Structures are given as C-alpha cells and as structure tokens.
Amino acid sequence: MSEMGITVKKSENFSEWYTQVVLKSGLADYAPIKGCMIFREHSYAIWEKIQEVFNKRIKEKGHKNVYFPLFIPESFLKKEAEHFEGFVPEVAWVTTGGNSKLEERLAVRPTSETIMYATYAKWIRSWRDLPIKLNQWCNIVRWETRATRLFLRTREFLWQEGHTAHATKEEADTEVIEILNIYKDLVENYLAIPVLVGKKTENEKFAGALYTTALEALMPDGKVLQMGTSHNLGQNFAKVFDIKFIGEDEKEHYVWQTSWGITTRLIGALVMVHGDDRGLVLPPKIASVQTVIIPIPYKDVDKELILRKAREISENLQKNGISAVLDDRSEYTPGWKFNEWELKGVPIRIEIGPRDVKKRQVTLARRDTIERFVVKEEEIVDTVTKLLEEIQSNLFNKAKEFLEDHTTTVKTYNDFKEALKKKGGFIRTCWCSNSTCEEKIKEETGATIRLIPLEKEELFSNCVYCDEEGKEVVYFGRAY
RNA sequence: GGGGUCGUCGUCUAGUUUGGUCAAGGAUACCAGCCUGGGGCGCUGGCGAUCCGGGGUUCAAAUCCCCGCGACCCCA
C-alpha cells in the first residue's frame with residue numbers, strides 16, 4: 001500500500017491529519033518562502049464559491065467592489081495610534097525600489113483602513129455622498145513570527161475587506177450587524193459550520209475600532225477558530241483622516257465607519273470540521289464538483305454503451321443545476337478513482353457498470369456516511385438533489401451537535417479549568433467585565449473571552465474569577 | 001511565547017547510535033510493454049539522490065561539531 005492516502009487518523013493525531021488532508025487532497029502546497037502557501041486549484045475553487053455567494057449578497061445591499069494599492073505609506077499607517085500599535089509588530093516593509101532607497105518606507109498592507117480612508121476624505125463632502133459601501137478582494141501580508149499553519153496562519157493570505165462610511169452611528173451599527181448576519185448565513189448554510197456570534201471584549205477588539213463583532217466556530221480538537229469579523233470603527237479613523245461632511249443640518253460632522261472581513265482561513269475550518277480519515281468532505285453547496293460519475297467497464301462488455309449512459313447521466317444532472325464530472329480516464333482503475341475523489345471530498349459518487357446498465361440503474365455512494373445504494377435510472381436527478389440537501393444538513397447537524405456537546409456552563413473557576421482541560425470547547429460563564437480577570441484567566445489557562453453574546457443572556461452567578469458581581473454572560477475558549 | 005523532533009531519488013523511507021561495508025538499499029510515483037477494471041490490481045524492463053545549504057574535524061563524513069535555511073509535533 002502506498003503513502004497516497006491519509007496515513008493517520010483524525011482522532012489520533014489531529015495536527016498531522018490536517019496537514020496530510022490539505023496536502024494530499026490537493027488543496028494547497030507549501031511555497032518556497034517561509035510561512036507562505038500555494039492555494040491550488042481545489043482550494044481556489046472553494047474560495048471562488050465563497051466569493052460568488054458573498055458578492056451576490058453584498059451587491060444586493062448596494063456594495064461595490066474596488067481595488068486599492070498593496071502599498072501603504074508609513075505615515076498613513078501611523079495616523080491612528082491604536083491601529084498602528086496593533087499592527088506594527090507584523091508589518092512587512094518595502095524600503096528599496098530598484099537601486100534607490102525610498103524616502104518613506106511602504107508597508108505591505110496588513111489591512112487597508114488607512115489607505116482607503118485617506119481617499120474617503122477626498123471623496124466625501126456632503127451628506128449626499130453617503131453612505132460609501134465598498135469592498136475589496138485582495139491579499140494581505142502579516143509577518144507572523146509564530147508557527148504557521150496552512151490556511152490557518154500564514155504570512156500572506158486572501159480575504160475580503162469591506163469598508164463603509166455612514167452619516168450616523170445607528171447606520172453604522174446596522175451595517176455591522178447586517179454583515180455579521182451575511183457571514184453567519186454563508187458559514188452556516190454554505191460551509192455547514194455552526195457559529196456563535198457576539199461582541200469582542202476591549203482586549204480582543206480590532207485595533208482602532210469602537211467595537212468588534214465576530215463569528216466563532218469550534219474545531220474538533222476543542223479549539224476555537226474565528227470565522228469572520230465586523231467592526232464599528234466609530235469616528236476614530238474619521239477624526240485622524242479628516243473625513244467630514246456637511247449634513248442636512250448645515251453643520252460639519254465626522255462620518256461613522258465600519259470594516260469587516262473573512263479570509264481563506266475559512267477553508268481550513270472546512271477541512272477540520274468535516275474531514276474524516278479518508279480525506280476531505282465538502283458540503284454540497286460549496287463543492288465545485290458535486291457528483292462524480294465513474295464508469296466501470298469490463299473487457300467483455302460494450303464499453304461504449306456504459307460510457308454513453310454515463311455521459312447521458314452527466315448531462316442530465318448538469319441540466320438540472322447539479323455539477324457533475326465524468327471521470328472516464330481509462331488509465332486509472334475504478335478503485336483508484338474512488339479513493340482519489342473521496343480524498344478530494346466530492347459529496348456523491350455515481351458508479352455505473354455492466355450490472356447497472358442491464359438493470360437500468362446506477363450505484364450511488366455518499367461521501368459523508370460512505371453509504372452505498374442503488375437507484376433507478378429515471379430517479380437519479382431527484383435522488384441526487386435530495387441527497388445533496390441531506391448531506392448538507394447532515395454535515396451541519398453533526399457539527400452543531402458537537403458544538404452543543406462542547407459548550408459547558410460553569411459557575412466556579414475550578415469547574416472552568418476542569419471543563420477546559422477535559423473537553424475544551426466553549427465555556428459559558430459570568431464575568432465582572434473587568435479586564436484584569438480576563439487577563440488573569442488567559443495567563444493561567446490560555447483561554448480568552450471569545451464572545452459576549454449579542455442577545456444578552458440571563459446572569460446566573462458571580463464573576464467566575466474574582467467572585468464579584470457578574471455583569472455579563474461570556475463564552476471563553478482556547479483560540480487558534 | 002516555551003519545549004521537542006526532523007531534513008537522503010518526485011513522494012515515503014533504510015542507513016546516522018558505533019565515521020570506512022554506501023559508487024547510498026527499498027517501496028511508491030514516473031516512462032515503455034503486457035494484463036486488467038464493482039475499493040489505490042498484477043507482471044517484466046527502465047528512469048530517477050553531488051544525502052537541505054555553508055563551514056569545520058578526519059587518511060576517510062549521509063553519519064561527528066558549528067552556523068544558516070526550511071518543515072513538523074507538543075504545551076501555554
């Protein structure tokens with residue numbers, strides 16, 4: 001047996017399993033630069049699917065896509081002090097152009113607030129210029145010094161960053177929540193990954209924001225992964241970049257801004273949450289190939305007949321909006337193909353051999369459960385359509401169950417530590433809102449407050465750390 | 001942030017402990033030819049590695065020492 005398949009079990013060595021799935025399924029490869037990766041066809045197709053879904057949703061809301069420069073002058077980055085402090089440790093700098101040293105060094109964007117907002121200041125004069133609702137899909141560089149992981153933490157990654165400017169705080173608040181909801185819909189209904197949504201604490205918020213909201217998902221190893229963020233920037237950037245408008249009241253006002261993003265990290269989450277010992281398992285709605293048809297020809301039977309049937313099925317599926325690939329490569333055996341497509345996570349496999357042709361049927365195999373059954377020819381489209389939906393919801397439900405199983409409510413610090421150690425996951429508890437307690441807990445356990453739920457939950461105890469009066473219910477966890 | 005492991009044909013690896021047997025062995029992939037086809041099938045032949053890079057020790061280095069580069073794992 002070769003080393004082509006996954007050689008470790010997800011349950012036995014999660015890290016190693018993850019790396020193998022990513023590499024062997026053809027999602028990604030290492031680049032010859034430390035901490036950088038290659039997004040191969042398979043992962044880029046997933047990214048394009050994410051783009052497709054998200055673009056559609058924000059365009060419906062009136063957002064437009066743009067592209068701003070990769071380089072940001074140092075002076076821009078420095079304008080908002082908190083923002084600069086937050087990002088400077090991991091900024092990559094361009095100091096030389098050709099043979100000449102630059103007068104002012106340029107940051108390779110770690111995020112584009114500053115370069116975009118310098119321009120917003122130029123564009124905005126009147127309340128009639130508002131709101132501005134722009135988004136860009138681009139690459140980002142953050143010079144990580146910590147250990148990097150494919151998709152999860154790399155020095156360069158792809159993302160989408162939305163940047164809006166509004167006349168009032170209320171409008172900005174609404175924007176933040178609407179985007180958060182679009183993210184939740186994308187992640188839960190397409191990627192089939194359940195999330196918790198909420199607000200970040202002061203310690204965890206975006207550098208320079210008024211407040212940050214986020215989606216957090218639970219990975220099978222009990223660690224928490226942030227799946228997207230949406231910030232209300234308040235007027236912090238408006239004040240330093242001088243983004244002002246004359247309102248209907250004939251007075252001068254600073255704009256209220258938001259920014260929000262999701263990254264290619266989502267693909268890493270997809271691998272971790274749904275993958276199994278055979279490789280990737282893709283939710284049908286995000287899979288670029290939803291069905292693969294594998295003809296099984298024998299020497300003594302009419303190969304053409306089988307192929308013709310296979311083609312017919314493929315066309316029929318595509319006519320009905322189901323993506324299908326006919327794998328008619330004669331140089332590989334059916335068994336070989338089964339393994340390859342399973343590794344790549346294709347939701348449904350359709351086998352068609354002499355047995356099937358004779359009985360006017362096909363054999364279906366679903367990737368999520370590895371079940372196999374026979375379907376009559378005329379029922380293929382209906383069955384596949386239903387099965388795709390079923391796989392989609394099955395994946396979500398399984399992940400949801402895991403999330404619920406691994407969310408523990410505690411009242412005491414001892415229970416907190418025990419739950420974290422034994423199960424990991426989310427620890428739901430009460431907190432006094434004092435950042436000292438938050439920091440102490442982080443120091444002692446490595447867990448941080450991932451979220452304060454948007455809809456306030458009813459208090460049930462004192463602060464889990466200091467035992468002073470509890471002010472809010474929060475969710476702790478160890479984050480990636 | 002702390003600790004550990006590792007780097008040998010495209011890939012996975014044997015060899016490193018104890019320097020000489022290594023002009024580096026195997027498997028897989030790849031190429032040619034057969035055979036096949038409902039789970040990575042089989043047979044024959046072929047191609048393929050200045051042992052991650054640099055320096056040092058030595059009569060002799062894949063093996064020992066130093067520096068660098070890169071990757072992985074574990075813990076917080």
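Small disclaimer: the values here were computed from a predicted structure and weren't measured.
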Distance between the [atom1] atoms of [N] and [M], in whole angstroms?
{"N": "B:G19", "M": "B:U63", "atom1": "C1'", "answer": "6 Å"}
{"N": "B:G54", "M": "B:C69", "atom1": "P", "answer": "15 Å"}
{"N": "B:A76", "M": "B:C30", "atom1": "C1'", "answer": "46 Å"}
{"N": "B:A24", "M": "B:C52", "atom1": "P", "answer": "15 Å"}
{"N": "B:G48", "M": "B:C12", "atom1": "C1'", "answer": "15 Å"}
{"N": "B:U44", "M": "B:U5", "atom1": "P", "answer": "42 Å"}
{"N": "B:C41", "M": "B:U36", "atom1": "C1'", "answer": "7 Å"}
{"N": "B:A62", "M": "B:G2", "atom1": "P", "answer": "35 Å"}

Dot-bracket notation for RNA chain B, counting Watson-Crick and G-U pairs under 3.5 Å, with | for partners on another strand
(((((((..((((......[....)))).(((((.......))))).....(((((..]....)))))))))))).
Testing A:K9, A:R367, A:K10 for salt bridge (Lys or Arg N to Asp or Glu O under 4.0 Å) with A:D276, which one passes?
A:R367
Polar atom pairs between nucleotides 68-76 of chain B and protein, under 3.5 Å, N or O only, would you list them?
unit_1, atom_1, unit_2, atom_2, d
B:A71, OP1, A:G35, N, 3.0
B:A71, OP2, A:K34, NZ, 3.4
B:A71, O3', A:Y30, OH, 3.3
B:C72, OP1, A:Y30, OH, 2.2
B:C73, OP1, A:S15, O, 2.9
B:C73, OP1, A:E16, N, 3.4
B:C73, OP1, A:T19, OG1, 3.3
B:C74, OP1, A:S15, OG, 3.4
B:C74, OP2, A:S15, OG, 2.6

Counting only heavy atoms not in [X] (residues, nucleotides, ligands), do more than 12 fall under 6.0 Å from its [atom1]?
{"X": "A:K285", "atom1": "NZ", "value": "yes"}
{"X": "A:E331", "atom1": "CD", "value": "yes"}
{"X": "A:Y465", "atom1": "OH", "value": "yes"}

Measure the distance from [atom1] on [X] to [atom2] on [N] and round it to the nearest whole Å.
{"X": "A:K24", "N": "B:A29", "atom1": "NZ", "atom2": "P", "answer": "13 Å"}
{"X": "A:Q20", "N": "B:U11", "atom1": "CD", "atom2": "C1'", "answer": "12 Å"}
{"X": "A:N339", "N": "B:G38", "atom1": "CG", "atom2": "P", "answer": "12 Å"}
{"X": "A:R278", "N": "B:G40", "atom1": "CZ", "atom2": "P", "answer": "12 Å"}
{"X": "A:L23", "N": "B:G10", "atom1": "CG", "atom2": "P", "answer": "17 Å"}

Near-ring test A:F476/A:F426, centroid separation under 6.0 angstrom
no
Does a side-chain N-to-carboxylate-O contact under 4.0 Å join A:K24 and A:E340?
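Not counted as a salt bridge, because no side-chain N and carboxylate O are separated by less than 4.0 Å.
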Do the side chain of A:E340 and the base of B:G40 come within less than 3.5 angstrom through a donor-acceptor pair of N or O atoms?
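No.
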Yes or no on side-chain contact (heavy atoms from CB on, under 4.5 Å) for A:Y30 and A:T19, after CA distance, side-chain angles and deciding distance?
CA-CA 11 Å; A:Y30 291 103; A:T19 305; 3.5 Å; yes
Return the nearest nucleotide to the side chain of A:R349; candidates are B:G39, B:G38, B:G40.
B:G39
Scoring nucleotides 30-36 of chain B by protein non-hydrogen atoms under 4.0 Å (B base, S sugar-phosphate only, - none) yields ------S
Ring of [Y], cation from [X] - is the NZ or CZ under 6.0 Å from the centre and inside 45° of the axis?
{"X": "A:K223", "Y": "A:Y480", "value": "yes"}
{"X": "A:K79", "Y": "A:F76", "value": "yes"}
{"X": "A:R349", "Y": "A:F338", "value": "yes"}

Would you kindly say whether A:T111 and A:R109 are connected by a side-chain donor-acceptor distance under 3.5 Å?
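The answer is no; no qualifying pair exists.
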Any chance you could lay out the side chain to side chain donor-acceptor pair (under 3.5 Å) test for A:S259 and A:E113, step after step, and finish with the verdict?
CA-CA 8 Å; A:S259 73; A:E113 275 77 7; 2.8 Å; yes
